[in-house]
Amino acid sequence: MFSLKSKVALVTGAGRGIGRAIAQQLGAAGAAVMLNDLDAGPLAEAQKAIAGSAQCAGDLTDPAFPQQLVDRTIAELGGLDIIVNNAGYTWDNILQKTTDEQFQAMLDIHIVAPFRILRAAAPYIRDTAKREAAEGRRAHRKVVNITSISATDGAAGQAGYSSGKAAVIGLTRTMAKEWGRYNVNVNAVGFGLIETRLIQPLTAESKIDVKGHEIRVGVQQGLLDTVIAASPLGRAGTVEEAAGAVLFFCSPLSDFVTGEVLICSGGMHF
Ligand SMILES: NC(=O)c1ccc[n+]([C@@H]2O[C@H](COP(=O)([O-])OP(=O)(O)OC[C@H]3O[C@@H](n4cnc5c(N)ncnc54)[C@H](O)[C@@H]3O)[C@@H](O)[C@H]2O)c1
């Protein structure tokens with residue numbers, strides 16, 4: 001139905017989980033994909049598995065890095081047509097136990113990093129769209145920002161995460177308005193529970209390492225059981241299913257859809 005041949009995509013957080021599946025599906029559809037992740041090991045493995053991809057390891061919360069990542073994508077792969085702001089993690093606690101560092105970290109990765117990536121891409125997007133218009137061509141570009149039902153429904157224990165993920169919806173709708181004139185579709189996909197390390201059953205051992213911090217991740221087994229049982233499809237989603245919703249927004253199938261939030265949760269709400 002469509003091919004992404006000759007398109008260049010940038011996917012953040014592509015070393016594992018949903019981002020890796022998104023990169024795989026974009027690659028399978030023909031796009032040249034720049035993969036980014038904080039963790040060089042998983043990133044190198046992902047790159048090996050995706051033909052024609054390139055990689056750029058680095059921390060998106062380093063203020064200088066988003067510009068470097070965008071510049072490198074354009075220099076190495078020859079353009080930038082699709083941006084998927086996917087990288088993220090949870091760092092949960094009830095409000096009164098949430099530190100300033102913890103709250104700020106959730107804003108830094110979920111809203112400040114996507115903002116900096118889009119700002120870095122703006123000159124290329126504007127200049128390319130103007131050139132195409134002068135040539136009488138219209139080429140759609142795509143931005144997909146990843147959000148969560150924690151943002152749209154709220155989730156106890158996730159003040160920072162849900163705030164960052166809600167902010168990305170504001171950025172999505174604003175950029176849809178600013179970049180419509182450049183034929184950029186800017187949309188968001190909000191996930192429910194998708195089977196990655198972030199939703200493993202919460203135990204003393206369920207931790208991830210983010211920049212040297214050991215962060216407890218996971219969802220309480222009771223909550224997992226209750227929300228899954230109450231949801232229409234009665235299960236968590238796979239990373240491939242999650243990537244499918246993102247692929248729609250990266251493809252010509254969504255050329256007349258912009259500023260929207262698609263919830264991909266099997267009907268689950270918190
Ligand atoms: N899994 C779910 O149920 C779920 C639900 C809603 C939203 N999400 C969102 O989906 C996205 C992907 O999550 P996932 O479940 O695949 O998690 P994951 O941990 O499997 O993958 C996320 C990747 O992002 C990378 N990352 C984190 N911080 C980074 C940084 N500063 N710079 C570069 N890379 C960084 C991690 O190293 C990791 O490889 C996240 O934005 C997450 O918040 C996930």
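Order of appearance sets the numbers: ligands from 1, and atoms from 1 within every ligand.
The aromatic rings of Tyr161 and His110 sit perpendicular to each other, their planes meeting at more than 60°, with 30° as the lower class boundary.
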For a distance cut-off of 3.5 Å, show me each N or O of ligand 1 paired with any protein N or O, plus the separation.
| unit_1 | atom_1 | unit_2 | atom_2 | d |
| --- | --- | --- | --- | --- |
| ligand 1 | 1 (N) | Ile194 | O | 3.1 |
| ligand 1 | 1 (N) | Thr196 | OG1 | 3.1 |
| ligand 1 | 3 (O) | Gly192 | O | 3.1 |
| ligand 1 | 3 (O) | Ile194 | N | 2.8 |
| ligand 1 | 3 (O) | Ile194 | O | 3.3 |
| ligand 1 | 15 (O) | Thr196 | OG1 | 2.6 |
| ligand 1 | 16 (O) | Ile18 | N | 2.8 |
| ligand 1 | 19 (O) | Arg197 | NE | 2.7 |
| ligand 1 | 19 (O) | Arg197 | NH2 | 3.3 |
| ligand 1 | 31 (N) | Asp59 | OD1 | 2.9 |
| ligand 1 | 32 (N) | Leu60 | N | 3.1 |
| ligand 1 | 34 (N) | Leu38 | N | 3.2 |
| ligand 1 | 37 (O) | Arg16 | NH1 | 3.2 |
| ligand 1 | 37 (O) | Asp37 | OD1 | 2.6 |
| ligand 1 | 39 (O) | Arg16 | NH1 | 2.8 |
| ligand 1 | 39 (O) | Asp37 | OD1 | 3.2 |
| ligand 1 | 39 (O) | Asp37 | OD2 | 2.6 |
| ligand 1 | 41 (O) | Asn86 | O | 2.7 |
| ligand 1 | 41 (O) | Lys165 | NZ | 2.8 |
| ligand 1 | 43 (O) | Tyr161 | OH | 2.6 |
| ligand 1 | 43 (O) | Lys165 | NZ | 3.4 |

Exercise for review: Test Gln104 against Asp100 for side-chain hydrogen bond (donor to acceptor under 3.5 Å, both in side chains), laying out the working first.
Suggested key: CA-CA 6 Å; Gln104 191 61 50; Asp100 283 356; over 6 Å; no

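Judged by distance alone, the side chains of Ser150 and Gln158 do bring a donor and an acceptor atom under 3.5 Å apart.
With hydrogens and angles ignored, the 3.5 Å screen pairs no side-chain donor or acceptor of Asn36 with any backbone N or O of Leu10.
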Name every donor-acceptor pair, under 3.5 Å, that has one atom in a side chain of residues 243-264 and the other anywhere in the protein, sequence neighbours excluded.
| unit_1 | atom_1 | unit_2 | atom_2 | d |
| --- | --- | --- | --- | --- |
| Ser251 | OG | Phe248 | O | 3.0 |
| Ser251 | OG | Leu253 | N | 3.1 |
| Ser254 | OG | Lys142 | NZ | 3.2 |
| Ser254 | OG | Phe248 | O | 2.9 |
| Ser254 | OG | Phe249 | O | 3.3 |
| Ser254 | OG | Ser251 | O | 3.0 |
| Asp255 | OD1 | Lys142 | NZ | 2.7 |
| Thr258 | OG1 | Val186 | N | 2.9 |

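Ile194 and Ile149 fall into different hydrophobic clusters, where Ile, Leu, Val, Met, Phe, Trp and Tyr are joined by side-chain heavy atoms under 4.5 Å apart, directly or via other members.
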